[in-house]
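Everything numeric here is computed off the predicted structure, so don't read it as measured data. Below, chain A is the first sequence line, B the second, and so on; all start at residue 1.
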2 protein chains.
Amino acid sequence: MERAIPDIVVGRLPHYLRALQHMSLEGRRLTSSQELSERLGISAAQIRKDLSLFGEFGKQGTGYQIDYLLNQLRQILKVNQIWDIALVGAGDMGSAIARYQGFTDRGFRVVMIFDNDPSVIGSQIGPFTIQSTDELVVAIQSADVRIAMLAVPAANAQEVADMLVQAGIKSILNYAPISLNVPDDVHVQYIDPVIHLQRMTYYLE
Amino acid sequence: MERAIPDIVVGRLPHYLRALQHMSLEGRRLTSSQELSERLGISAAQIRKDLSLFGEFGKQGTGYQIDYLLNQLRQILKVNQIWDIALVGAGDMGSAIARYQGFTDRGFRVVMIFDNDPSVIGSQIGPFTIQSTDELVVAIQSADVRIAMLAVPAANAQEVADMLVQAGIKSILNYAPISLNVPDDVHVQYIDPVIHLQRMTYYLE
DNA sequence: CGCTAATTGTTAATGTTTGCACAATCGGGC
DNA sequence: GCCCGATTGTGCAAACATTAACAATTAGCG
């Protein structure tokens, strides 16, 4: 627990959490590193080693109690709470994200939506009124939101990212197909379907 | 070129390609491993080494010719052609994907859309008529499509994946928050925004 | 109660990836 | 034509990540 946890390990924890959450919903009580291994395609030794960096959560001969491990992981990843998210961009992708039902039971909820297109500002997506990006910095600051999702065209992404940083955002999930430039204390994750597709075409004939 | 290329290297190539494509659009002619490094947050030595696995594309003292390297990478990743994609799921996310304009100039296009909801089957998204999943296997087989995007609820994802495999699909981009079980010769890539978000909350206070 | 099969946490060995550093080479300027 | 600053490709060393293997422990069963 003292030594820093490698990024690559942190990146696997959400996968463990997701698998455990499914098992818990299926009404299961116990699992093992081997079962997780089969479900996730990650070796059992690796799963045990990853978890052991944070504590001893299992029992020899028995395995892991699903609900217990689930809670431990939620605590480690700090999703034993609901994080508020600001969404920027209310186009096709932004709207789909805003309507997505899968956030709440995994620790997140969208609480504000921004766009710069006057023809959509003021309209509703579910319970939210789309606000102007002019209000973005102040709105995010006063609501003390720390996480944002960016679903604007590539051409505007850096500019919006700059505003988000100014507003105090510390984590950005970027759907625009462009690398963002942000200070060291701001984390960025990228979602670009084409990157994944191109990675797979390499292996096609 | 003889030895197998590590997966991790293949995974970086699309990022190089994307950056180069931007530079080319900006009208630039030349770049260097150092410039790419700054734009991508990947060390210059690593970029040079990755590229050197496929050939010698640069010139000492000068750097890389953007358009030349671009074409080389397109060939390596096999996106010097347009790949047809089958999209399964015409809900919020599926519709947003179907309307996304960013595929074509990066090597892909959606050519068919399926859903199992009778109330949407037959309706149009852009130029496409949504087909029943009953027709999926035959339609994909006869059109010889090799890549699919999966945007259905988690509960149906495995079942649809099985159909896709049966239809001869070799690459699946899965938007459902669940690990898929497929034969070894089928590649799967995952897009789950919550995984990325949870990875970032670890670093928040 | 003692045996068996299962399974963890951990150590040591192995394998992979990254970074450093530099010779080689290029183009431009004088 | 020669020098200088820039920049590549690469060999080697260091850092990092994964796997294998096993002692320790557990639950269940007869």
May I have the distance from [X] (atom [atom1]) to [N] (atom [atom2]), rounded to whole angstrom?
| X | N | atom1 | atom2 | answer |
| --- | --- | --- | --- | --- |
| B:Gln65 | C:dC26 | CD | P | 14 Å |
| B:Leu53 | D:dG9 | CG | C1' | 11 Å |
| A:Ile47 | D:dT19 | CD1 | P | 11 Å |
| A:Glu35 | C:dA6 | CD | C1' | 14 Å |
| B:Gln72 | D:dG9 | CD | P | 12 Å |
| A:Asp50 | D:dT19 | CG | C1' | 13 Å |
| B:Ile5 | C:dT16 | CD1 | P | 14 Å |
| B:Leu30 | C:dC26 | CG | P | 15 Å |

Out of [options], which has the shortest distance to the side chain of [X]?
| X | options | result |
| --- | --- | --- |
| B:Gln46 | D:dT7, C:dG19, D:dT18 | C:dG19 |
| A:Tyr64 | D:dG9, C:dG9, D:dG11 | C:dG9 |
| B:Arg48 | D:dT18, C:dG19, C:dA21 | C:dA21 |
| A:Glu56 | C:dG9, D:dT18, D:dT26 | C:dG9 |
| B:Gln60 | C:dT11, C:dA24, D:dT10 | C:dA24 |

(message) Taking the cut-offs as 6.0 angstrom to the six-membered ring centre and 45 degrees off its axis, would you call A:Lys78 and B:Tyr202 a cation-pi pair?
(response) yes

(message) With nearest nucleotide decided by heavy atoms, which residue, A:Phe57 or A:Lys49, maps closer to the 5′ end of DNA chain C?
(response) A:Phe57

(request) Run the salt-bridge test on B:Asp84 and B:Arg146 with the 4.0 Å N-O cut-off and return the result as yes or no. (result) no

(message) Looking at A:Arg106 and B:Asp192, is there a salt bridge between them, counting it only when a charged N and a carboxylate O are closer than 4.0 Å?
(response) yes

(request) By nearest nucleotide on DNA chain D, pick out whichever of A:Pro6 and A:Ala45 is the more 5' one. (result) A:Pro6

(message) If you assign each of B:Ser52 and B:Gln34 to its closest nucleotide in DNA chain D, which residue comes earlier from the 5' end?
(response) B:Gln34

(request) Anything under 30° is parallel, anything over 60° is perpendicular, the rest tilted; go ahead and classify B:Phe57 against B:Tyr68. (result) perpendicular

Establish, with yes or no, whether the OP1 or OP2 oxygen of [N] is under 4.0 angstrom from a side-chain nitrogen or oxygen of [X].
| X | N | value |
| --- | --- | --- |
| B:Ser43 | C:dG19 | yes |
| B:Ser33 | D:dT8 | yes |
| A:Lys59 | D:dA27 | yes |

(request) Determine the contact category for B:Ile8: base if any of its heavy atoms lies under 4.0 Å from a base atom, sugar-phosphate if only primed atoms, P, OP1 or OP2 are that close, otherwise nothing. (result) sugar-phosphate

(request) State, yes or no, whether a side-chain contact exists between B:Leu197 and A:Leu173 at a heavy-atom distance under 4.5 Å. (result) yes

